[in-house]
There are 2 protein chains.
Amino acid sequence: MIAELLPERTVERLSKYRRVLSRELENGMDHIYSHDLAKLLHITPVQVRRDLMLIGHTGTLRKGYDIAKLIKLIGEIIDCSGIQKVAIVGLGQLGMALLNYLQNNKNKLHLTAAFDNNPEKIGHIFQGIPCYDEQQLKEVVEKEKITIGILTVPANKAVEMSHRMTDSGILGIINYTPASLKLDNAFLEEYDVITSLEKVAYFSKPFNLDLYKKLIQSQQ
Amino acid sequence: MIAELLPERTVERLSKYRRVLSRELENGMDHIYSHDLAKLLHITPVQVRRDLMLIGHTGTLRKGYDIAKLIKLIGEIIDCSGIQKVAIVGLGQLGMALLNYLQNNKNKLHLTAAFDNNPEKIGHIFQGIPCYDEQQLKEVVEKEKITIGILTVPANKAVEMSHRMTDSGILGIINYTPASLKLDNAFLEEYDVITSLEKVAYFSKPFNLDLYKKLIQSQQ
DNA sequence: AATCATTTGTTTACATTTTAACAATGCAAA
DNA sequence: TTTGCATTGTTAAAATGTAAACAAATGATT
Ligand SMILES: NC(=O)c1ccc[n+]([C@@H]2O[C@H](COP(=O)([O-])OP(=O)(O)OC[C@H]3O[C@@H](n4cnc5c(N)ncnc54)[C@H](O)[C@@H]3O)[C@@H](O)[C@H]2O)c1
Ligand SMILES: NC(=O)c1ccc[n+]([C@@H]2O[C@H](COP(=O)([O-])OP(=O)(O)OC[C@H]3O[C@@H](n4cnc5c(N)ncnc54)[C@H](O)[C@@H]3O)[C@@H](O)[C@H]2O)c1
């Protein structure tokens, strides 16, 4: 077991390692080299070895890493064997897309509930997930022991809802609204589509793209 | 004008500065201090000043930064005054949500076209955006001079489509599929929902969250 | 006019993340 | 048996990103 927090980027890559490794396992592979795993994610073998070192996974010199064992270890680190439950708060266009996505693509997250304030959605079940009235947030989150929330309400409700989520016992929120949040007792991950697009716009302006390509090349 | 590429994180923050500053402008503000701008995004004033230094914007000592001028400058840096056009490739659940989002929330991006292979969508117009047959990708991208693409096709089509996009003249792609891409002649930004959620899962495990909170506190 | 408080701009230091370097290992083949 | 080679694990260096420190400026106040 690891005593310290892993770097954020390492955790992100662990998630990706697990996903591609599961596919390799299904294809009948049982071991993999760092450079082959790296190739699947377009990163360097060094980074793979370093990440695996950090989680204490050790391979064999001639066969590489044991895929099944590695998947299991990553699961213990990220999921704690699926103890955490997830809720979607705001079942609009984006929330519904995410609900379908999470339910249809098998993954380790236990999506458990959705919340909305629209009477047409409250009480219905979508892909097996019940949609509750947002007034019941605290009640349901406490009863179901939900610890992770996906925030997809209109931006002007985001601050209020995020606080109600943490007050109900949610420990981690992923915020897809453009509102900038600040939480004291939970881990917060924000993702802003417009910002992401504007970043692409900046780096793909022809002049900048040239500079960027030169930068990349000079590093190889 | 700036001769060098800006750091990626600075560009991301510039996008957010512009958005909150536009709101301040609408509220009748004309100048803002670094610490007030910082508060709006929950970052430090130092970071604001450093970012603005990098883009060569200079404030006045007693009034702070001129909001209108700053918005204009950020626009010139990110958008080149809106010269770049955007296409959505794959108009499914996520693609459609993004289309509506981009059209309904005023922003500087010129969404111009969408592409799909589903006959029920091809030829229709959604929120003013025409959906073309994906076979016409090259033709339309070239004719309209589209330079930015949002990739939301099924994962197993992502590699092929990304190459067709860059072959057609697209210079920047934001990839929402879980497929890991590698492009030689374009800027690539990937966003993986599952990875993002699994990261939240890791850091919000009670033991890790405690470590994380201590870490944050020790930095203040 | 001199002082004070405030805020910017810039340099310096710190932290995180990535990449490089290389010793250690162990199997295969000569 | 010994040499060679491919691969891991780890330490060191470089790059990137963030925060702190502080001088310079400016206007308000005494
Ligand atoms: N649609 C997208 O592709 C997209 C992309 C990026 C970000 N976003 C952001 O995600 C959020 C949702 O976007 P959307 O397009 O799905 O909007 P939407 O209006 O379709 O969905 C919002 C949903 O939240 C519900 N709601 C309102 N108040 C609520 C409350 N207090 N508690 C619970 N539910 C509540 C509404 O009934 C609605 O179903 C917005 O903040 C938007 O800016 C959307
Ligand atoms: N739905 C979500 O919330 C969500 C979240 C994260 C990531 N994703 C990813 O985004 C992608 C799309 O997800 P979705 O839920 O919208 O799936 P979807 O099946 O609803 O949408 C895919 C769309 O792409 C179209 N398509 C198929 N082949 C195409 C081609 N060659 N060219 C153009 N269009 C083509 C399909 O007709 C369909 O309309 C998937 O890769 C998925 O993994 C989805």
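Throughout, a chain's letter reflects where its sequence line sits, starting with A, and its residues are numbered from 1.
Heavy-atom nearest nucleotides on DNA chain D were determined for B:Val46 and for A:Ile32, and the one closer to the 5' end corresponds to A:Ile32. Residue-to-nucleotide proximity on DNA chain C shows that, of B:Tyr65 and B:Arg62, the 5′-proximal contact is made by B:Arg62. If A:Leu61 and B:His35 are placed on DNA chain C by their nearest nucleotide, the residue sitting closer to the 5' end is B:His35.
With hydrogens and angles left out, the side-chain atoms of B:Ser196 and A:Tyr191 include no donor and acceptor closer than 3.5 Å. Counted by atom type alone, A:Gln93 and B:Asn100 present one or more donor-acceptor pairs between their side chains at under 3.5 Å. Under the 3.5 Å distance criterion, with hydrogens and angles disregarded, no donor-acceptor pair is assigned to the side chains of B:Glu144 and B:Thr112.
Within the structure, a side-chain polar atom (N or O) of B:Ser34 is placed less than 4.0 Å from OP1 or OP2 of C:dT8. Look at A:Thr44 and you won't find any side-chain N or O under 4.0 angstrom from OP1 or OP2 of C:dA20. Regarding contacts with the backbone of C:dT19, every side-chain N or O of A:Arg49 stays at 4.0 angstrom or more from both OP1 and OP2. Neither OP1 nor OP2 of C:dT17 sits under 4.0 Å from any side-chain N or O of A:Thr10.
Residue B:Leu54 contributes atom CG, which lies 12 Å from atom P of C:dG9 at whole-angstrom precision. If you measure from atom CG of A:Asp66 to atom C1' of D:dT7, you get 16 Å, rounded to the nearest angstrom. Atom CD1 in B:Ile55 sits roughly 13 Å away from atom P in C:dT10 (whole-Å rounding). Separating the NZ atom of B:Lys63 from the P atom of C:dT8 is a distance of 13 Å, rounded to the nearest angstrom. With rounding to whole Å, A:Asp51 atom CG is found 14 Å from D:dT10 atom P. Rounding to whole angstrom units, CG of residue A:Leu6 and P of C:dT18 are separated by 13 Å. One atom, CG of A:Leu52, and another, C1' of D:dT8, lie 10 Å apart when rounded to the nearest Å. Between the CZ atom of A:Arg50 and the C1' atom of D:dT10 there is a distance of 9 Å, rounded to whole Å.
Side-chain contact between A:Tyr176 and A:Leu151 is absent, with no heavy-atom pair separated by less than 4.5 Å.
For B:Arg13, whose side chain is taken as the heavy atoms from C-beta onward, the closest listed nucleotide among D:dT18, C:dT17, D:dG9 is D:dT18. Of the candidates C:dT8, C:dT18, D:dA19, C:dT18 carries the atom nearest the A:Gln47 side chain, counting heavy atoms from C-beta on.
A salt bridge links B:Arg164 with B:Glu160: the distance from a Lys NZ or Arg NE/NH1/NH2 to an Asp or Glu carboxylate oxygen falls below 4.0 Å.
Between the side chain of A:Arg9 and the base of C:dT18 there is no donor-acceptor pair of N/O atoms closer than 3.5 Å.
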